[in-house]
Asker: 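Below is one structure. I have some questions about it.
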Amino acid sequence: MGTRRIGPYFGDELAAAGLAGLPISWGEDGIVTGRELLMAPQQAALDAVIAAHDPQRPRLGDYRSAIQAHVDATARARDYDSGVSCASWVASTNPAWAAEAQAFVAWRDSVWAHVFGELAKVETGQREQPTITALLEELPAMAWPA
């Protein structure tokens with residue numbers, strides 16, 4: 001087969017196809033070596049994994065980083081240092097500050113609940129894996145108190 005880039009999930013995809021432990025290796029450039037050592041059914045299974053492989057598929061850590069950056073950017077847009085900083089005002093004796101932090105914490109919780117729920121659907125095959133951009137577009141909007 002021709003070469004296609006290989007992403008970080010390729011080894012997991014090989015294992016899922018029953019090809020773990022075979023005498024093959026690969027690089028990010030898409031070159032798979034050791035194919036000649038495989039039986040014909042193993043070569044066919046390898047070809048199927050390569051054909052289905054998406055090297056751009058985000059990893060869980062990629063989603064977490066992007067979502068946290070979105071949460072922090074939302075807090076920074078309101079002049080807080082970060083989401084943690086904003087949330088720390090939740091017990092403030094200033095009612096306006098406490099209300100803002102409470103609204104932020106409720107929003108942050110709804111964001112992460114949505115993300116974890118949607119990624120669980122991906123794991124169970126109930127939805128296709130979204131791009132990070134698509135998942136960010138699904139998130140609820142923050143409504144700051146007046």
Side-chain angles (χ1 to χ4, degrees), residues 1-91 97-145:
M1 294 191 80
T3 59
R4 292 177 52 195
R5 284 193 46 76
I6 293 180
Y9 280 116
F10 189 67
D12 297 336
E13 294 165 358
L14 288 175
L19 300 174
L22 293 177
I24 59 173
S25 61
W26 58 90
E28 287 184 13
D29 59 3
I31 296 174
V32 177
T33 58
R35 173 185 292 280
E36 68 282 357
L37 302 172
L38 304 180
M39 304 295 289
Q42 293 169 324
Q43 288 183 11
L46 175 61
D47 290 343
V49 170
I50 292 170
H53 178 66
D54 177 2
Q56 300 302 316
R57 188 175 100 176
R59 299 191 86 149
L60 183 58
D62 299 330
Y63 287 107
R64 286 185 177 162
S65 295
I67 300 304
Q68 189 59 52
H70 175 70
V71 168
D72 288 336
T74 300
R76 279 194 300 278
R78 196 72 167 196
D79 292 328
Y80 292 98
D81 293 331
S82 66
V84 171
S85 173
C86 181
S88 74
W89 290 92
V90 75
W97 298 342
E100 201 162 87
Q102 288 165 357
F104 177 81
V105 168
W107 169 79
R108 180 200 61 193
D109 290 353
S110 69
V111 163
W112 283 108
H114 178 79
V115 169
F116 292 136
E118 294 307 302
L119 293 180
K121 289 178 186 176
V122 170
E123 290 179 0
T124 59
Q126 296 175 19
R127 81 172 276 183
E128 291 292 316
Q129 183 173 0
T131 64
I132 290 172
T133 301
L135 190 58
L136 286 168
E137 290 171 354
E138 295 175 15
L139 297 178
M142 175 62 201
W144 295 101

Asker: Nearest 0.5 Å, what's the CD1-CH2 distance between I31 and W26?
Answerer: 14.5 Å
Asker: Just to verify, what does E138 make a side-chain hydrogen bond (donor to acceptor under 3.5 Å, both in side chains) with, not counting sequence neighbours?
Answerer: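 Only H114, R127 meet the side-chain hydrogen bond (donor to acceptor under 3.5 Å, both in side chains) criterion with E138.
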Asker: Could you list all the salt bridge (Lys or Arg N to Asp or Glu O under 4.0 Å) pairs where at least one residue sits in residues 10-20, not counting sequence neighbours?
Answerer: E13-R57
Asker: Please identify each residue that fulfils side-chain hydrogen bond (donor to acceptor under 3.5 Å, both in side chains) with Q126, with sequence neighbours left out.
Answerer: T124
Asker: Flag yes if more than 12 heavy atoms outside W97 fall under 6.0 Å of its CH2 atom; otherwise flag no.
Answerer: no
Asker: Sequence neighbours excluded, which residues qualify as side-chain contact (heavy atoms from CB on, under 4.5 Å) partners of P23?
Answerer: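 For P23, the residues satisfying side-chain contact (heavy atoms from CB on, under 4.5 Å) (neighbours in sequence not counted) are L37, L38.
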Asker: Report yes if the side chains of L60 and E123 come closer than 4.5 Å at any heavy-atom pair, otherwise no.
Answerer: no
Asker: T131: what forms a side-chain contact (heavy atoms from CB on, under 4.5 Å) with it, not counting sequence neighbours?
Answerer: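 For T131 the side-chain contact (heavy atoms from CB on, under 4.5 Å) partners, ignoring immediate neighbours, are T133, A134.
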Asker: Cut-off 3.5 Å, no hydrogens considered: what does the side-chain donor-acceptor table look like for residues 101-113, sequence neighbours left out?
Answerer:
from: W107; atom 1: NE1; to: P140; atom 2: O; distance (Å): 2.9
from: S110; atom 1: OG; to: W107; atom 2: O; distance (Å): 2.7

Asker: As an exercise, state the distance from CZ of R64 to CZ of R59, rounded to the nearest 0.5 Å.
Answerer: 12.0 Å
Asker: If a pair satisfies side-chain hydrogen bond (donor to acceptor under 3.5 Å, both in side chains) and one of its residues is in residues 67-80, list it, with sequence neighbours excluded.
Answerer: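 Found Q68-D72, R78-E100, Y80-E100.
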Asker: Return the set of residues passing side-chain hydrogen bond (donor to acceptor under 3.5 Å, both in side chains) with S65 (not counting sequence neighbours), or none when no residue passes.
Answerer: none
Asker: Any chance you could lay out the side-chain contact (heavy atoms from CB on, under 4.5 Å) test for E118 and L139, step after step, and finish with the verdict?
Answerer: CA-CA 11 Å; E118 294 307 302; L139 297 178; over 6 Å; no
Asker: For the residue pair A66 and I132, what are the closest heavy atoms and their distance?
Answerer: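 Nearest heavy atoms, A66 then I132: CB-CG2, 3.3 Å.
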Asker: Does A44 have any side-chain contact (heavy atoms from CB on, under 4.5 Å) partners at least two apart in sequence or in another chain, and if so, which?
Answerer: none
Asker: Set out, in order, the CA-CA distance, both residues' side-chain angles and the distance that settles side-chain contact (heavy atoms from CB on, under 4.5 Å) for L19 and I24, then state yes or no.
Answerer: CA-CA 9 Å; L19 300 174; I24 59 173; 5.6 Å; no
Asker: Please name the pair of heavy atoms, one in Q42 and one in L22, separated by the smallest distance, quoted to 0.1 Å.
Answerer: NE2-CD2, 3.4 Å
Asker: Has E36 got more than 12 heavy atoms of other residues, nucleotides or ligands less than 6.0 Å from its CD?
Answerer: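 Yes, the 6.0 Å shell around CD holds more than 12 heavy atoms from other groups.
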Asker: Test: ring-ring contact (aromatic ring centres under 6.0 Å, His included). Region: residues 34-55. Which pairs qualify, not counting sequence neighbours?
Answerer: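 For residues 34-55: F10-H53.
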Asker: What residues, two or more places apart in sequence or in another chain, satisfy side-chain contact (heavy atoms from CB on, under 4.5 Å) together with D81?
Answerer: S85
Asker: Please identify each residue that fulfils ring pair (Phe, Tyr, Trp, His ring centres under 6.0 Å) with Y63, with sequence neighbours left out.
Answerer: none
Asker: Can you tell me how far the CG atom of L135 sits from the CD1 atom of I67, to the nearest 0.5 Å?
Answerer: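 Separation between the atoms: 4.5 Å.
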